[in-house]
Protein chains: 2
Amino acid sequence: MDAQAMETEVWGDITPDAARRLVVAAVEAFAERGYHATTTRDIAGRAGMSPAALYIHYKTKEELLYQISGVGHRRSLTLLRQAAEGGGTPAGRLRTAVRSFVRWHAEHHTTGRVVQYELGALGPEHYAEIVELRRRSEATMRSIIEDGVRSGDFDVPDVSGTTLAVLSLCIDVARWFNPDGRRTPDQIGELYADLVLRMVRPG
Amino acid sequence: MDAQAMETEVWGDITPDAARRLVVAAVEAFAERGYHATTTRDIAGRAGMSPAALYIHYKTKEELLYQISGVGHRRSLTLLRQAAEGGGTPAGRLRTAVRSFVRWHAEHHTTGRVVQYELGALGPEHYAEIVELRRRSEATMRSIIEDGVRSGDFDVPDVSGTTLAVLSLCIDVARWFNPDGRRTPDQIGELYADLVLRMVRPG
DNA sequence: CGCCACCCTGAGCAACCGCTTAGCCGCCTG
DNA sequence: CAGGCGGCTAAGCGGTTGCTCAGGGTGGCG
């Protein structure tokens with residue numbers, strides 16, 4: 001699946017077409033340059049429109065970021081929830097959680113970069129809402145690890161520190177992933193799942 | 001060691017005093033808001049000067065960033081080099097490398113944030129130079145892991161992928177570290193060193 | 001066929017930005 | 001003591017920014 005199709009997967013249900021084109025353009029520009037270095041003229045230009053058109057569909061530039069951030073966080077939280085609620089062993093659930101979280105951040109690395117690294121550009125109320133979503137993602141990952149500790153499958157002296165480490169691994173993929181690189185998102189997902197299982201494996 | 005002393009450690013040898021105050025102010029502002037959201041008025045204000053004073057000591061705003069980035073990268077590369085060149089076992093060297101790299105990013109998380117997340121704001125020549133320093137850091141960490149694989153101390157199917165994962169862990173500390181948090185930089189360093197050793201431990 | 005609503009553009013506004021310049025002040029040296 | 005130099009400030013410049021407004025065009029509906 002190429003980059004274009006990937007973006008369509010995430011933003012495909014935004015209507016009308018113009019609003020969707022603006023969001024896609026904003027994701028690309030924010031991922032490439034950062035929120036503050038991106039201008040509304042830049043976004044509109046990439047969407048094939050004038051700067052004023054942006055304000056037909058979005059109240060402010062920050063609202064664009066908020067929408068992107070919300071969708072991205074909800075999507076990735078859903079993945080973690082699905083892994084946590086899956087059957088099987090704790091190791092299987094952790095493997096699935098890491099693999100799909102990492103794969104998502106690799107496949108959607110442009111969205112991932114915006115979602116993970118542009119929080120500081122959100123307004124206070126939007127920020128609080130997004131931080132709550134992030135807390136839930138952390139809580140979901142921690143509960144998978146806790147389950148494994150309880151069942152004896154995992155040996156984890158510091159559960160919350162380890163949870164933070166696992167999330168760092170997954171999230172940071174968005175920062176360095178290169179679509180022209182040697183590994184596919186799947187391969188990175190498998191590698192990281194293996195690395196994380198070794199982190200929690202009893203000695 | 002409090003935050004003030006920490007900054008002095010990194011920037012203490014910059015003269016004259018005004019230039020040092022400007023750099024320290026820039027580090028704080030860039031870490032807090034990002035390069036592009038920080039204005040020269042903001043930096044100068046934090047240093048107790050007028051905006052024009054900045055240009056007595058630095059050619060441009062980007063040169064400030066370049067100096068911060070250079071110092072930060074050189075410092076952290078030196079830590080890795082020292083760990084790699086240390087005696088003892090491969091596991092000992094990896095433990096030292098991770099512990100001190102993580103501790104540095106925690107103790108100097110404001111500098112670390114600028115160093116790790118504001119690369120995109122550098123001009124092309126400065127960027128190329130900094131990327132070279134980052135490559136050396138990665139090569140140093142990889143050589144520590146390779147030594148362990150060669151000696152049989154480590155079991156690592158994908159050395160470069162694992163190296164990237166280890167660096168992600170260490171670097172990302174700068175993003176989330178909170179001085180008011182429950183763990184000290186030392187404790188996080190120990191935890192992460194342990195986690196990394198488990199990642200490479202033979203099964 | 002005419003009207004209305006929606007989407008968009010061109011032009012512009014008020015504020016802000018990185019950086020420059022002219023002049024002042026204090027300190028040091030001859 | 002006077003002059004020069006370095007460091008700094010106040011003021012400003014040219015350009016850019018996020019956002020607004022008036023008007024045009026198109027499509028759909030009565």
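In the text below, chain A, chain B and the rest are named by the order of the sequence lines, each starting its count at 1. These figures come from a predicted structure and were not determined experimentally.
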Looking only at heavy atoms, what is the nearest atom pair of [X] and [Y], with distance?
X	Y	value
Trp104(A)	Gly112(A)	CZ3-CA, 4.4 Å
Thr38(A)	Gly34(A)	OG1-O, 2.8 Å
Val10(B)	Asp13(B)	O-OD1, 4.1 Å

> Whole-Å distance between dG7(D) C1' and Arg20(B) CZ?
Replying inline: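 The distance from CZ of Arg20(B) to C1' of dG7(D) comes to 16 Å, rounded to the nearest Å.
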>> Suppose the criterion is ring pair (Phe, Tyr, Trp, His ring centres under 6.0 Å): which pairs have a residue in residues 49-82 of chain B, not counting sequence neighbours?
In response: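 Residue pairs with at least one partner in residues 49-82 of chain B: Tyr66(B)-His126(B).
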>> By the salt bridge (Lys or Arg N to Asp or Glu O under 4.0 Å) test, which pairs, at least two apart or in different chains, include something from residues 76-92 of chain A?
In response: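 Counting only pairs at least two positions apart or across chains, no salt bridge (Lys or Arg N to Asp or Glu O under 4.0 Å) contact touches residues 76-92 of chain A.
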>> Suppose the criterion is salt bridge (Lys or Arg N to Asp or Glu O under 4.0 Å): which pairs have a residue in residues 157-166 of chain B, not counting sequence neighbours?
In response: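 Applying salt bridge (Lys or Arg N to Asp or Glu O under 4.0 Å) to every pair that reaches into residues 157-166 of chain B, excluding sequence neighbours, yields Arg183(A)-Asp158(B).
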Protein and nucleotides 10-16 of chain D: nitrogen or oxygen contacts under 3.5 angstrom:
none

> Among all residues two or more places apart in sequence or in another chain, which pass the side-chain hydrogen bond (donor to acceptor under 3.5 Å, both in side chains) test with Thr60(B)?
Replying inline: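 Expected list: none.
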> Can you name the residues that form a side-chain hydrogen bond (donor to acceptor under 3.5 Å, both in side chains) with Asp42(B), not counting sequence neighbours?
Replying inline: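 Result, side-chain hydrogen bond (donor to acceptor under 3.5 Å, both in side chains) vs Asp42(B): Arg33(B), Arg46(B).
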Check: residues 113-121 of chain B side-chain donor-acceptor pairs under 3.5 Å, at least two apart:
from, atom 1, to, atom 2, distance (Å)
Arg113(B), NE, Ala174(B), O, 2.9
Arg113(B), NH2, Phe177(B), O, 3.4
Gln116(B), OE1, Arg134(B), NH1, 2.8
Gln116(B), OE1, Arg134(B), NH2, 3.1
Gln116(B), NE2, His105(B), NE2, 2.9
Tyr117(B), OH, Asp172(B), OD1, 3.0
Glu118(B), OE1, Tyr35(B), N, 3.3

>> I need the full list of side chain to side chain donor-acceptor pair (under 3.5 Å) pairs touching residues 136-150 of chain B, with sequence neighbours left out, sorted by first then second residue.
In response: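 Qualifying pairs, neighbours excluded: Glu132(B)-Arg136(B), Glu138(B)-Arg142(B), Asp147(B)-Arg150(B).
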> Which residue pairs pass the side chain to side chain donor-acceptor pair (under 3.5 Å) test when at least one of the two sits in residues 86-101 of chain B, sequence neighbours left out?
Replying inline: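 For residues 86-101 of chain B: none.
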>> Between Asp153(B) and Arg201(B), is the salt bridge (Lys or Arg N to Asp or Glu O under 4.0 Å) condition met? List the steps.
In response: CA-CA 7 Å; Asp153(B) 290 282; Arg201(B) 189 165 70 190; over 6 Å; no
> Is there a residue in residues 56-70 of chain A whose heavy atoms reach under 4.0 Å of DNA chain C, and which residues are they?
Replying inline: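 Within residues 56-70 of chain A, the residues near DNA chain C are Ile56(A), His57(A).
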> Which is the 5'-most and which the 3'-most nucleotide of DNA chain C that has an atom under 4.0 Å from a heavy atom of chain A?
Replying inline: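 So the outermost contacting nucleotides come out as dC8(C) to dG12(C).
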Would you list the protein and nucleotides 27-29 of chain D atom pairs, both N or O, that sit under 3.5 Å from each other?
none

